[in-house]
Visitor: 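Below is a structure I'd like to ask you about.
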Amino acid sequence: MGTGKDKTTYKDTLNLPLTDFDMRAGLIRKEPAIQDRWKQQGLYGRIRKARDGAERFILHDGPPYANGNIHMGTALNKVLKDIVVRVKNMAGLDAPYVPGWDCHGLPIEDKVMKELGQAAKDLAPIEIRRRCQAYADRFVGLQSDQFQRLGVIGEFDNPYITMHPEYEAAVLEVFADLIDQGLVYRQLKPVHWSIENRTALADAELEYHDRDDVSIYAAFKLVGGQLDVLGECDGATPALLVWTTTPWTLPANLAVAVRPGYTYAFVRAATAKGTMLLVIAEQLVEKVAAAVGAARPAFLQGFQVVGTCKGQQLLDANLTYAHPLLEGRTCPVVPAEYVTLDDGTGLVHTAPGHGAEDYGTALKCGLDIYCPVQDDGTFDATAPEFLRGKDVWQANPMVIEALDQAGMLLCQETIRHSYPHDWRSKTPTIFRATKQWFIAVDRPLRGMTGSEKSLRGLAMDCCRREPDDDGVEFIPAWGRNRFAGMLDSRPDWCISRQRSWGLPIPAMFNEAGEPLMTPNSVLAIAATFERLGADAWFTATPAELLGDYDPAADEALDNPEAFAVDKLRCGKDIFDVWFESGSSWYAVAMKRGLVDTIPVDLYLEGSDQHRGWFQLSLLPALGSRGQAPFRTVLTHGFVVDEDGYKMSKSDGNTIDVIDQLDKRGADILRLWIASQDYQDDVRCGENLIAKAEDAYRKIRNTLRFCMGSCSDFDPARDTVEPTEHSVDRWMLMQIHQLIRDVREAFDAYEFHKATRRMYEFCTVEASSIYLSAVKDRLYCESPDAIRRRASQTVIHLMLCSLVKLLAPILPHTCEEAWGHIPAKPADWPESVHLALLPEYDEDILSLAGDIRPVSADDGKWALDELRTGPAGIWDKLMDLRGAGLVKLEALRNAGVKKTLDAEAVFKVRAGDDEAMQIIETYRPELEDLLGVGYARVEFADDLPDGTTVDVEVLDSRERYERCARSWKRRPDVGSNEKFPDLSARDAAVMEELGKGRQ
RNA sequence: GGGCUUGUAGCUCAGUUGGUUAGAGCGCGCCCCUGAUAAGGGCGAGGUCGUUGGUUCGAAUCCAUCCAGGCCCA
C-alpha cells in the first residue's frame with residue numbers, strides 16, 4: 001500500500017455495480033427482436049398451456065374495423081386490453097385473448113367502389129364482394145402486425161374475422177333464435193332513395209349540392225276538435241299554416257307537428273278563399289307576413305293577431321284538419337320537439353313515409369308509414385288521381401297548382417338549399433319508405449319461460465341490477481346510467497341494409513313477395529354458409545342454400561304450400577354490421593369454447609360503444625340466451641390533443657402511432673397509456689409522450705442499478721434476513737406495500753395508479769432513499785459481509801418484484817430485464833410472461849400497519865409509540881432524515897460540498913435514556929440515510945419545547961481525516977496502523993481481502 | 001338543442017363522511033457529486049382548487065348558474 005493515498009488503488013477493492021443490462025434502452029431495435037423470439041417460442045401458446053385448468057378469465061375483444069392504419073385511440077384500447085390480459089395471466093388465471101376484426105360494411109364497400117370508379121356500375125354483387133374481401137384481408141393483416149408491434153399478445157394466428165364462413169353461420173344461428181322469439185319483423189321505413197338507380201342509399205353515398213326548389217306556404221283547413229281553443233273565428237276559416245320545400249310529399253301528409261312548448265298565434269288574414277284564421281308560431285308571424293305579403297299584398301289587408309295559445313293547448317284540443325289534396329281524409333295535430341323557429345311557420349308538415357323525423361313521430365303517435373311513391377319515383381294508385389304515374393319532380397308543380405285551385409296555397413317562392421344527391425348518378429335523392437327488417441325491442445319474448453319481458457325490459461334489468469345480483473358491472477360507474485338512458489330511448493333496431501358487402505339477411509321470397517324466414521330455414525342457410533361462405537347467397541340457388549330444409553315440415557309456417565322451394569328467390573338485403581359484431585359473444589366466446597355460457601368476464605371499449613357494440617351485443621344475447629353477454633363493461637375516454645380538443649387530420653393535431661413506435665418504441669407508448677386515467681378523455685401530444693420517456697429511463701435505470709448491485713449475489717447461497725433495525729427492513733416493508741398497492745390497482749383496472757405507484761417507488765423509496773443509503777455497504781463492505789448480503793437480499797427481491805409487476809405494462813423491457821436478473825433461480829420460467837405476479841406478506845404488512853401517526857402536538861416520542869412497530873419508528877427516523885437534509889443543504893451552501901465531509905449529531909433530550917438507546921440503535925442507518933461520513937448521538941438540554949430528538953450537521957473537514965476508500969470522514973480513520981488512510985471498517989475489509997488473496 | 005361526462009400547481013395525478021397555512025412525482029430554477037455517469041443526489045419556487053352566486057360558524061368538497069372541453073344523439 002505504498003500508494004495508499006491514491007484512491008484509484010482502492011477503487012479496485014470496491015464492489016462496484018456490474019451488469020450487461022444496457023442503460024440505453026434501444027427499444028426500436030430490441031422490441032422487434034424480442035417479439036420475434038416470442039413468436040418462435042410460441043409464447044402465447046405456452047402461456048395457455050401453463051394456465052390450462054386454471055380459473056378462466058375472458059376479456060372478449062371488440063372487433064376494430066378492418067380499414068386503415070391503427071390510430072392512437074385504437075392503440076389505447078388494445079394496450080389497455082393487453083395489460084388486462086397480461087395481468088390476469090400473471091395472476092394465475094387462464095386468460096386467453098382472441099383478437100377480432102369487423103370486415104363487412106359500407107366504408108370498405110365505398111372505398112372499393114371508389115377505386116373501381118365507373119367500372120363499379122357493371123359489376124355483379126359477387127364481384128364487388130370479392131374485391132371487398134381482398135381489401136379487408138389486407139387491412140386485417142396490416143393492423144394485426146401493428147397490434148403485435150405494440151406488444152399485444154394473443155391468438156393472432158387464429159383471430160376471429162366476421163367475414164369468415166364459420167362466423168357468418170354463427171351470426172345466423174343467433175338470428176334464428178331471435179326469429180324464434182318473434183322479435184324479427186318487416187316494416188316500412190323511409191330511407192334515402194336514388195330514383196335513378198332504384199336503390200336505397202346510405203349516408204356515406206350522398207353528396208350534398210345546392211339546388212333550387214320551390215317552397216310553399218299552404219293552409220290546412222281545420223275541421224275537427226275543440227276549435228274554440230282558437231277563440232272567436234268571427235267568420236274566418238280556421239286553418240293551420242305549413243311550409244314545405246317538397247310539395248310532392250303533401251299527398252303523403254298524415255299529420256301536422258307542433259312543439260308543445262312554443263306559443264302559437266291566431267292570425268286573421270285575407271286569402272283567395274276569403275278571410276282565414278291561421279295558426280302560426282308567434283315568433284314567426286312577422287316573417288311569414290313579410291314572405292306571403294311580398295307575393296300577395298292583399299294578404300296583409302286586415303292582417304291581425306287575435307289571440308295566442310301554447311302548442312300543448314293545440315294538442316289538448318285534439319284538432320284535426322282536412323287533407324288539402326285528398327277528399328275525405330282528416331289528419332291530427334301531433335307533438336314534436338324537433339320543430340324549430342329557424343324557418344317555416346312553426347307547424348311542420350308530417351309525411352311519415354318521406355322523412356326520418358316524420359317517421360319517428362309516426363312511431364310515437366301511431367301514424368301509418370304511408371308512401372305512395374314507387375321505386376321508380378312515380379305515384380301509385382293510392383295517390384290523388386291527377387298524380388298517378390307521374391314522378392315526384394313532375395308532381396311538384398301539379399301539387400302546387402292543385403293547392404292553388406283549392407285556394408289553400410298562400411304563396412310560393414324559390415329557395416336555394418343544400419340537397420342530397422346520389423354520389424354515383426349525381427341525381428337528387430328522395431326520402432322514400434321501403435320495407436326493412438327490424439328487431440323489436442318492446443315485444444315480449446315468445447319462448448323464454450316465465451318471461452313476459454321485452455328486449456328493452458330485460459336490458460334495463462341488466463343495468464338496474466347490481467353486479468352482485470346478476471347485473472352488469474360498469475366501470476366507471478356512471479356508465480350504467482348512460483347505458484340505461486341510451487337503451488331507454490332507442491327505437492326498434494333496423495337491421496337491413498341495401499348493399500352488397502355484408503352478411504345477407506336470409507330471407508327468401510315467393511312469387512307473391514311473401515318472405516320465407518323461419519328459425520329452421522335460417523339454420524339451414526347457416527349450415528350452407530358454414531360450408532361455402534355467405535357468397536353462396538349470390539351464386540347458389542335457393543334450393544341449394546336450403547339444403548334439406550323442407551317448408552312442408554316447418555311448423556313455423558302457416559302456409560307452407562305457398563313456398564315452393566324452386567319458385568323462391570333470394571332477398572337482396574344485408575345485415576347491419578352491428579348485428580354481426582353484436583353476435584360475437586356467441587360466434588367467438590361460445591363457439592370457440594372460451595366460455596360454456598355467457599356472460600364473459602369483460603368487455604373493454606371506448607365510451608362510444610355504450611350505444612354501439614355494448615348495446616348491440618346485449619340485445620341479441622338477451623334475445624338468444626336471456627343473458628347479458630358481459631359481466632363487466634369497462635369504458636375508456638377518447639384521445640384528445642394536448643389542449644383537450646379532439647384530434648382531427650384537418651386540424652393537424654393528430655399523433656401518429658406508427659411514428660411513435662418508430663421513434664420511441666412500444667414500451668414508451670405503453671407506459672404513457674398506462675399512466676393515464678383513461679376513464680376521462682386522454683390528452684396526447686409529443687410533449688406528453690416525451691414525459692413517459694423520461695419516466696421510462698428512471699425505471700430502467702433503477703432496475704439496472706439493482707442488477708448491478710446484485711452481480712455477485714445468488715439468492716440460493718447468499719440470502720441474509722435483514723436485521724430488525726436495518727434500513728433493509730424498512731425497504732422490505734416498502735416492497736410489500738408496493739406489491740399490495742399495485743396488485744390492488746391492477747385488480748381495480750386502475751393502471752395509472754399502479755404505474756404511478758411503481759414509478760414513484762423507483763424515484764423515492766428506491767433511488768432517493770434506499771439505494772443511496774446502502775451504496776456504502778454495497779461498495780465498501782467485504783463481499784460476504786452480512787450487512788451487504790442483507791441489502792442484496794432485499795435489492796434482489798425488489799428487482800424481481802418490480803420486473804414482474806411491470807411486465808404487463810412494459811413487456812419488452814421486462815423480458816429483457818428478466819434475462820439479466822443475476823442468479824435467477826433455475827426453476828423460474830424462461831419468459832417473465834410465464835411467471836406469476838409477486839405476492840405480499842401479510843405479516844410484513846402488519847408491521848407497517850401498526851403505524852400510528854405520532855401526535856404532532858406534543859412532538860414527544862412516547863416509548864409506547866416507538867414500540868408500536870418498526871414502521872412507527874421509521875416514520876420518525878425519516879422525519880429526522882428530512883430535517884438533516886435541509887441542514888446539509890445549508891452546510892453545502894456554506895462550502896461543505898460533499899455530505900461525506902459532514903457529520904450528523906443527533907441530540908436527545910437530556911435524561912431520556914430510552915430515546916437515546918433507540919437513536920443509538922439506528923445510528924448507523926441514519927448515517928447512511930443522510931449520506932454523512934459519521935453520525936453520533938448526545939444528550940442536549942437546549943432542545944426546543946416538544947422536541948425529543950433533533951439533528952445538527954457539522955463541517956468535519958477540520959475534525960476528522962477522510963477515509964481514502966469509503967471517503968467518509970470519521971474519528972476512526974487511521975486506527976489501523978497498516979492502513980493509516982482508512983477507517984476501521986475499511987481497514988478490516990482490506991485485511992480480509994488481503995487474506996483472501998493469499 | 002337533449003342525455004351522459006370532465007375541468008385541483010407547466011404536466012400527470014392524490015385530496016378520506018365539508019374542518020387547522022390544498023399534497024405527491026415529474027418538469028422548472030439553483031446547487032452538489034463524478035465509485036449507477038448520455039447516470040445519481042439535495043434544496044427551492046410554482047395553485048384565488050374553471051366562473052359567478054348561494055347554503056354553512058366553516059367548501060376544492062353540498063346546491064344553482066354560467067364558461068370551456070369530450071362522447072352519443074337530434
Side-chain angles (χ1 to χ4, degrees), chain A residues 7-8 10-19 21-24 73 259 336-340 342 356-357 360 476 478-486 488-490 606-612 615 635-647 672 675-677 679-683 685 687-692 694-695 697-698 700-709 750 752-753 755-764 767-769 771-773 775-776 778-780 856 881-882 884-893 895-901 930-931 965-967:
Chain A
K7 61 187 176 185
T8 56
Y10 289 111
K11 182 168 180 178
D12 297 337
T13 72
L14 297 174
N15 319 298
L16 294 178
L18 190 67
T19 179
F21 187 69
D22 299 333
M23 173 175 277
R24 303 199 60 195
R259 187 148 160 170
E337 291 298 329
Y338 54 79
V339 175
T340 70
D342 296 340
E357 291 174 330
W478 50 258
R480 179 184 304 278
N481 193 10
R482 177 173 154 102
F483 192 71
M486 288 173 170
D488 191 46
S489 64
R490 79 147 299 130
S607 60
D608 56 334
Q609 300 304 334
H610 278 128
R611 187 182 293 272
Q615 189 187 80
T635 55
H636 59 256
F638 276 65
V639 177
V640 295
D641 74 7
E642 293 193 31
D643 300 316
Y645 291 89
K646 82 153 83 180
M647 286 189 170
W672 168 73
S675 68
Q676 301 296 310
D677 181 0
Q679 298 197 359
D680 193 10
D681 294 321
V682 171
R683 293 193 184 204
N687 297 324
L688 301 177
I689 300 176
K691 291 265 166 62
D694 287 347
R697 274 196 287 269
K698 182 70 188 186
R700 187 178 176 92
N701 263 315
T702 305
L703 298 179
R704 180 169 184 269
F705 185 72
C706 291
M707 290 174 197
S709 302
E750 294 177 325
H752 73 289
K753 288 190 177 166
T755 306
R756 278 170 59 78
R757 184 71 173 82
M758 289 191 276
Y759 174 55
E760 293 194 11
F761 177 89
C762 287
T763 305
V764 182
S767 283
S768 171
I769 299 176
L771 294 173
S772 292
K775 258 192 216 177
D776 173 72
L778 288 172
Y779 292 1
C780 300
R881 171 180 178 268
L885 288 174
V886 172
K887 291 184 175 170
L888 280 169
E889 178 72 11
L891 202 60
R892 179 178 301 121
N893 292 333
V896 185
K897 299 300 186 187
K898 305 175 194 180
T899 52
L900 290 173
D901 285 342
L930 283 171
R965 187 165 177 273
S966 67
W967 298 345

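Per chain, numbering begins at 1; letters A, B, ... match sequence-line order. Note that this is a predicted model, so its numbers are computed, not measured.
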Visitor: Where the side chain of Asp641(A) meets the backbone of Met647(A), is there a donor-acceptor pair that is under 3.5 Å apart?
Guide: no

Visitor: Whole angstrom is fine here: how far is it from OH in Tyr645(A) over to P in A68(B)?
Guide: 9 Å

Visitor: For nucleotides 28-32 of chain B, give me every protein contact, N/O to N/O, under 3.5 Å, one pair per line with atom names.
Guide:
unit_1: C32(B); atom_1: O2'; unit_2: Lys897(A); atom_2: O; d: 2.7

Visitor: Would you say a side-chain N or O of Ser768(A) is under 4.0 Å from OP1 or OP2 of G42(B)?
Guide: yes

Visitor: Ignoring backbone atoms, establish whether Gln676(A) has a side-chain N or O less than 4.0 Å from OP1 or OP2 of C13(B).
Guide: yes

Visitor: Can you tell me which stems RNA chain B forms, taking runs of 3 or more consecutive Watson-Crick or G-U pairs with both distances under 3.5 Å?
Guide: B:1-7 with B:67-73, B:10-13 with B:23-26, B:28-32 with B:40-44, B:52-54 with B:62-64

Visitor: Check whether any side-chain nitrogen or oxygen of Lys646(A) sits under 4.0 Å from OP1 or OP2 of C72(B), and answer yes or no.
Guide: no

Visitor: According to a strict under-4.0 Å criterion, is His610(A) in side-chain N/O contact with OP1 or OP2 of U5(B)?
Guide: no

Visitor: For a quick test of reading the model: is some side-chain N or O of Lys698(A) closer than 4.0 Å to OP1 or OP2 of G40(B)?
Guide: yes

Visitor: Which residues satisfy the salt bridge (charged side-chain N to carboxylate O under 4.0 Å, His left out) test with Arg892(A), sequence neighbours excluded?
Guide: Glu889(A)

Visitor: Where does G29(B) land, syn or anti, given syn is within 90° of 0?
Guide: anti

Visitor: Any side-chain N or O of Arg611(A) under 4.0 Å from OP1/OP2 of G3(B)?
Guide: no

Visitor: Quick one: is Tyr759(A) getting a side-chain N or O under 4.0 Å of the C13(B) phosphate, OP1 or OP2?
Guide: no

Visitor: Just the rounded figure in Å: distance from C1' of A36(B) to CZ of Arg697(A).
Guide: 15 Å

